[in-house]
Amino acid sequence: MNWNGCWNFFFSEQLFMQMAELMVSDGWKDAGYEYLCIDDCWMAPERDSKGRLQADPQRFPSGIQHLANYVHSKGLKLGIYADAGNKTCAGFPGSFGYYDIDAQTFADWGVDLLKFDGCHCDSVVSLADGYKYMSLALNRTGRSIVYSCEWPLYMRPFHKPNYTDIQYYCNHWRNFDDVYDSWESIKNILAWTTTNQKEIVEVAGPGGWNDPDMLVIGNFGLSWDQQITQMALWAIMAAPLLMSNDLRQISSQAKALLQNKDVIAINQDPLGKQGYCFRKENNIEVWERPLTNLGWAVAVRNLQEIGGPRFYTIQVASLGKGIACNPGCIITQLLPEKVQLGFYEWTLPLKTRINPSGTVLLRLDYI
């Protein structure tokens with residue numbers, strides 16, 4: 001999960017420790033959520049006398065290493081934020097000119113993930129060089145640190161991102177704008193993804209992932225059907241599942257959705273292939289993703305936001321590049337609720353019922 005004090009509310013080490021406790025006691029760790037990430041604004045305004053970043057003494061009086069040790073004691077991992085430029089997006093010290101020092105500082109503290117932003121870079125060249133250099137600097141520390149980049153997001157206004165380089169240096173990368181707790185934001189992310197999927201889908205795989213940004217399920221901006229859509233499509237897209245919400249206040253319904261083991265299994269499928277939208281007609285999108293053991297995940301999304309539920313029928317023979325159910329398969333609906341739909345021959349139609357702005361997520365297991 002992710003906590004960003006600048007943009008949302010004041011945060012402190014006590015809050016992070018409380019979240020770590022809840023991640024264990026409320027089943028999040030068991031469901032597979034293991035990173036507790038600090039976003040911008042954790043730093044003091046100045047580096048120390050040796051040029052090292054230091055934590056804000058009021059928010060983190062015990063220091064980041066103390067927090068990392070506590071998070072590790074719960075069987076979890078700690079993520080932190082820095083920036084490739086001269087300053088972070090909120091104006092705190094950037095890593096430009098300090099890549100080696102900062103990488104070693106994070107390793108010494110016991111950090112497990114670095115989100116590396118791209119604000120305040122003076123050129124496209126320094127942006128690309130900064131992302132490459134920090135990757136190498138992290139590796140030189142000898143500590144395993146997941147490297148989360150925003151390289152293509154900042155590169156795209158100037159020229160087409162080089163995904164060969166991005167995939168080589170980064171573990172996951174943001175392509176598009178920050179997510180907000182609004183349906184408009186989720187729609188924009190999905191629209192951008194479908195428009196650019198030919199460019200980005202093939203570069204994703206084990207060790208490197210496209211990151212459409214955080215899950216805002218359990219907040220206030222999405223209806224229930226819209227929350228289902230985000231969870232289903234993030235699973236189809238093989239997206240990193242990083243929550244931005246308050247575990248102290250989350251509803252049991254949203255908690256069950258975020259901890260749905262069948263959906264998480266699709267997201268985490270070891271084949272590591274990102275899904276894609278392969279059909280759009282009459283305000284319906286159909287997405288699919290290949291899975292291990294010749295399985296497929298299919299999502300049927302209703303783009304209409306008014307009226308009642310809509311029925312959509314698709315030929316089973318068209319799913320999974322025509323091979324998912326040839327000669328037959330077992331189909332299970334996972335969302336909005338789990339229903340065993342049974343055996344389908346290759347020649348049969350499949351009828352779905354999708355709520356406005358909602359999605360039906362299906363799993364097809366080959367026989």
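Because only heavy atoms are used, hydrogens play no part in the values below, and waters and symmetry mates are left out as well, while side chains stay in.
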Checklist entry - So is K351 actually on top of Y312's ring, under 6.0 Å and inside 45° of the axis? => result no
Checklist entry - Other than F343, what residues sit in its cluster of Ile, Leu, Val, Met, Phe, Trp and Tyr side chains whose heavy atoms are under 4.5 Å apart, directly or through others? => result I330, I367
Next on the checklist: side chain to side chain contact (heavy atoms under 4.5 Å, CB included), that's the test. Do F60 and I64 meet it? Break it down for me.
Outcome noted: CA-CA 7 Å; F60 298 92; I64 301 300; 4.0 Å; yes
Item to check | pair V146-H172: side-chain heavy atoms closer than 4.5 Å | outcome: yes
Item to check | Criterion side chain to side chain contact (heavy atoms under 4.5 Å, CB included) on D108 and T141, from CA distance to verdict | outcome: CA-CA 9 Å; D108 291 343; T141 68; over 6 Å; no
Checklist entry - Do I264 and Y33 have side chains that get closer than 4.5 Å, going by heavy atoms? => result yes
Next on the checklist: Evaluate D211 against N175 for side chain to side chain contact (heavy atoms under 4.5 Å, CB included), listing each step before the verdict.
Outcome noted: CA-CA 7 Å; D211 180 5; N175 294 300; over 6 Å; no
Checklist entry - What is the distance from atom CG of L319 to atom CZ of R279, rounded to the nearest 0.5 Å? => result 8.0 Å
Checklist entry - Does any donor atom in the side chain of S357 or D225 lie under 3.5 Å from an acceptor atom in the other side chain? => result no
Checklist entry - Does W42 reach the main-chain N or O of Y81 with its side chain, forming a donor-acceptor pair under 3.5 Å? => result yes
Checklist entry - Quick one: do the W183 and E305 side chains pair a donor with an acceptor below 3.5 Å? => result yes
Next on the checklist: Pair W234, W287 - check ring pair (Phe, Tyr, Trp, His ring centres under 6.0 Å), show working.
Outcome noted: CA-CA 11 Å; W234 263 236; W287 295 59; 9.3 Å; no
Checklist outcome for this item: Distance col, row I266:CD1 vs M237:CE, nearest 0.5 angstrom, shows 13.5 Å
Next on the checklist: Out of the candidates Q197, K198, E288, E202, only one should pair with Y276 under the side-chain hydrogen bond (donor to acceptor under 3.5 Å, both in side chains) rule; please name it.
Outcome noted: E288
Checklist outcome for this item: Value for CE (M214) from CE (M243), rounded to nearest 0.5 Å, stands at 11.5 Å
Next on the checklist: Regarding E199 and R156, does a basic nitrogen lie under 4.0 Å from an acidic carboxylate oxygen?
Outcome noted: yes
Checklist entry - So do the side chains of V360 and L335 get within less than 4.5 Å of each other, counting heavy atoms only? => result no
Checklist entry - Nearest 0.5 Å, what's the CE-OH distance between M155 and Y163? => result 10.5 Å
Item to check | ILVMFWY network linking L361 to L271, side-chain heavy atoms under 4.5 angstrom | outcome: no
Item to check | Minimum heavy-atom distance between P290 and K273, given as atom pair plus value | outcome: CG-CB, 3.6 Å
Checklist entry - From D56 CG over to S12 OG, what is the distance, rounded to the nearest 0.5 angstrom? => result 10.5 Å
Item to check | Contacts of N326 that satisfy side-chain contact (heavy atoms from CB on, under 4.5 Å) - sequence neighbours left out | outcome: W346
Item to check | Close side-chain approach of C325 and V316, heavy atoms under 4.5 Å | outcome: yes
Checklist outcome for this item: I101 meets the side-chain contact (heavy atoms from CB on, under 4.5 Å) criterion, sequence neighbours left out, with R52, Y98, T105
Checklist entry - Are any of the side-chain nitrogens in K87 or D117 under 4.0 Å away from the carboxylate oxygens of its partner? => result no
Checklist outcome for this item: For A232 and T359 the tightest heavy-atom approach is CB-CG2, 3.8 Å
Next on the checklist: Can you confirm whether the side chains of N210 and Q274 place a donor and an acceptor under 3.5 Å from each other?
Outcome noted: yes
Checklist entry - Hey, what do you get for CD (Q14) to OG (S62), rounding to the nearest 0.5 Å? => result 7.0 Å
Next on the checklist: I'd like to check the side-chain hydrogen bond (donor to acceptor under 3.5 Å, both in side chains) partners of T292; sequence neighbours left out, ordered by chain and number.
Outcome noted: D269
Next on the checklist: Is it the case that the ring center of F116 lies less than 6.0 angstrom away from the ring center of Y131?
Outcome noted: yes
Item to check | Distance under 6.0 Å and angle within 45° of ring axis: R59 vs F11 | outcome: yes
Checklist entry - Is it the case that one hydrophobic cluster holds both Y154 and W209, taking links as side-chain heavy atoms less than 4.5 Å apart, direct or via other members? => result no
Next on the checklist: Walk me through whether I284 and R301 qualify under side chain to side chain contact (heavy atoms under 4.5 Å, CB included).
Outcome noted: CA-CA 6 Å; I284 295 287; R301 178 185 169 205; over 6 Å; no
Checklist entry - Just by modelled atom types, is the Q304 backbone N or O under 3.5 Å from a matching donor or acceptor in the N302 side chain? => result yes
Checklist entry - Is the backbone of A84 close enough, under 3.5 Å, to the side chain of Y99 for a donor and an acceptor to pair up by distance? => result yes
Checklist entry - Does Q18 reach the main-chain N or O of L15 with its side chain, forming a donor-acceptor pair under 3.5 Å? => result no
Item to check | S148 side chain vs K115 backbone, donor-acceptor pair below 3.5 Å | outcome: no
Next on the checklist: How close do L364 and L362 get, counting heavy atoms only, and between which atoms?
Outcome noted: CD1-CB, 4.1 Å
Checklist entry - Where the side chain of D181 meets the backbone of F220, is there a donor-acceptor pair that is under 3.5 Å apart? => result yes
Checklist entry - In a check of side-chain contact (heavy atoms from CB on, under 4.5 Å) between L350 and each of T313, I331, V300, V298, which one passes? => result I331
Item to check | Over all atoms of both residues, closest heavy-atom pair of Q227 and G218 | outcome: OE1-N, 3.0 Å
Next on the checklist: W28 vs E34, test: side chain to side chain donor-acceptor pair (under 3.5 Å). Steps then yes/no.
Outcome noted: CA-CA 8 Å; W28 300 101; E34 58 177 342; over 6 Å; no
Checklist entry - Is the side chain of Q333 donor-acceptor paired with the backbone N or O of E337 at a distance under 3.5 Å, no angle test? => result yes
Item to check | Non-neighbouring partners of R174 that pass salt bridge (charged side-chain N to carboxylate O under 4.0 Å, His left out), sequence neighbours left out | outcome: E150, D178, D213
Next on the checklist: Keeping R289 on the side-chain end and N267 on the backbone end, is there a donor-acceptor pair under 3.5 Å?
Outcome noted: yes
Checklist entry - Do the charged groups of D165 and K132 touch, with an N to O distance under 4.0 Å? => result yes
Next on the checklist: side chain to side chain donor-acceptor pair (under 3.5 Å) for Q65 and N69? Distances and angles first, verdict last.
Outcome noted: CA-CA 6 Å; Q65 186 170 0; N69 290 339; 5.1 Å; no
Checklist entry - Does a side-chain N-to-carboxylate-O contact under 4.0 Å join K50 and D48? => result no
Checklist entry - Can you tell if the side chain of L113 reaches within under 4.5 Å of the side chain of N171, non-hydrogen atoms only? => result no
Checklist entry - Quick one: hydrophobic cluster around L294, which other residues, with the 4.5 Å side-chain cut-off, linked directly or via members? => result Y366
Checklist entry - Do the non-hydrogen side-chain atoms of N282 and R310 ever get within less than 4.5 Å of each other? => result yes
Item to check | Under 3.5 Å: donor-acceptor pair, side chain of N245, backbone of N219 | outcome: no
Checklist entry - Donor-acceptor pair, S185 side chain versus Y180 backbone, under 3.5 Å? => result yes
Next on the checklist: Are the side chains of I189 and Q230 in contact, using a 4.5 Å heavy-atom criterion?
Outcome noted: no
Checklist entry - Is the shortest heavy-atom distance from the side chain of L257 to the side chain of I217 under 4.5 Å? => result yes
